[in-house]
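For the single chain, residues carry numbers from 1 onward in sequence order.
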Amino acid sequence: MKGNIDYETLLQQCRQELLRGAPRQAGLQLVCDLLRREVPHYDWFGLYIAVPGERMLVLGPFAGEPTEHVRIPYGRGICGQAAERAETFLVDDVSAQENYLACSLSVRSEIVVPIFGPAGSDREGVVIGEIDIDSHRPGAFSGDDERFLQALAPEMAPFIPRVPSGR
């Protein structure tokens, strides 16, 4: 199933959705909806927005079942670890992870890709958000998913809002 996805076309569609939702963050929701709809193994697609001053992630736009994890401290769960280390996490089997926050009992694998501040901005190189995807299938994510999401992250960066500390 993964092999049938044209990630280059999907990236172009995401760019169009981001621009369609500009200048506000509406495009981020459009991308979440598009990818959940178009990629069979993306059972939950969401964005977490970083609040670096608090070392906290706040749930942003998402597509899928609601989650109780609306605020995640850096270091906690897969998302918190990805923010703390500023690196991608691809987990084939979430049940094997000691530091895992279960959003749903159906989740079997997860990928989290940091979004860094855009070049030339005052947030350049800083984790400003994350793409978080859950799948109900173990080992759902491939290197193609990782490369696609790492190419998508900088496209999303200019649209990631600042969340003031204390929110």
Practice problem: May I ask you to test the D122-R162 pair for a side-chain heavy-atom distance under 4.5 Å? | Solution: yes
Quiz item: Can you tell which of D134, L35, L34 makes a side-chain contact (heavy atoms from CB on, under 4.5 Å) with Y42?
Solution: L35
Quiz item: Backbone N or O of H136 within a donor-acceptor pair of the D43 side chain at under 3.5 Å?
Solution: yes
Quiz item: Once the angle between the rings of F62 and W44 is folded into 0 to 90°, is it parallel (under 30°), tilted (30 to 60°) or perpendicular (over 60°)?
Solution: parallel
Exercise. Please check if the side chain of E17 supplies one atom and the backbone of Q13 the other of a donor-acceptor pair under 3.5 Å.
Key: no
Quiz item: So F159 and I115, side-chain contact (heavy atoms from CB on, under 4.5 Å) or not? Walk me through it.
Solution: CA-CA 11 Å; F159 300 95; I115 301 171; over 6 Å; no
Quiz item: Does Q150 CD have over 12 foreign heavy atoms under 6.0 Å away?
Solution: yes
Quiz item: Would F141 and D92 count as a side-chain contact (heavy atoms from CB on, under 4.5 Å) if you check the C-alpha gap in whole Å, the side-chain angles of each, and the deciding distance to 0.1 Å?
Solution: CA-CA 7 Å; F141 305 106; D92 287 329; 5.6 Å; no
Self-check item: E84/R76 ion pair, N-O < 4.0 Å
Solution: no
Self-check item: Donor-acceptor under 3.5 Å (D33 side chain, L30 main chain)
Solution: no
Quiz item: Taking the side chain as C-beta and beyond, is there a heavy-atom pair between I111 and I133 under 4.5 Å?
Solution: yes
Self-check item: Beyond-backbone contact of L10 with V39, side-chain heavy atoms, under 4.5 angstrom
Solution: yes
Quiz prompt | Chi angles and distances behind the side-chain contact (heavy atoms from CB on, under 4.5 Å) call for I160, L28 | solution = CA-CA 8 Å; I160 299 292; L28 296 173; 4.1 Å; yes
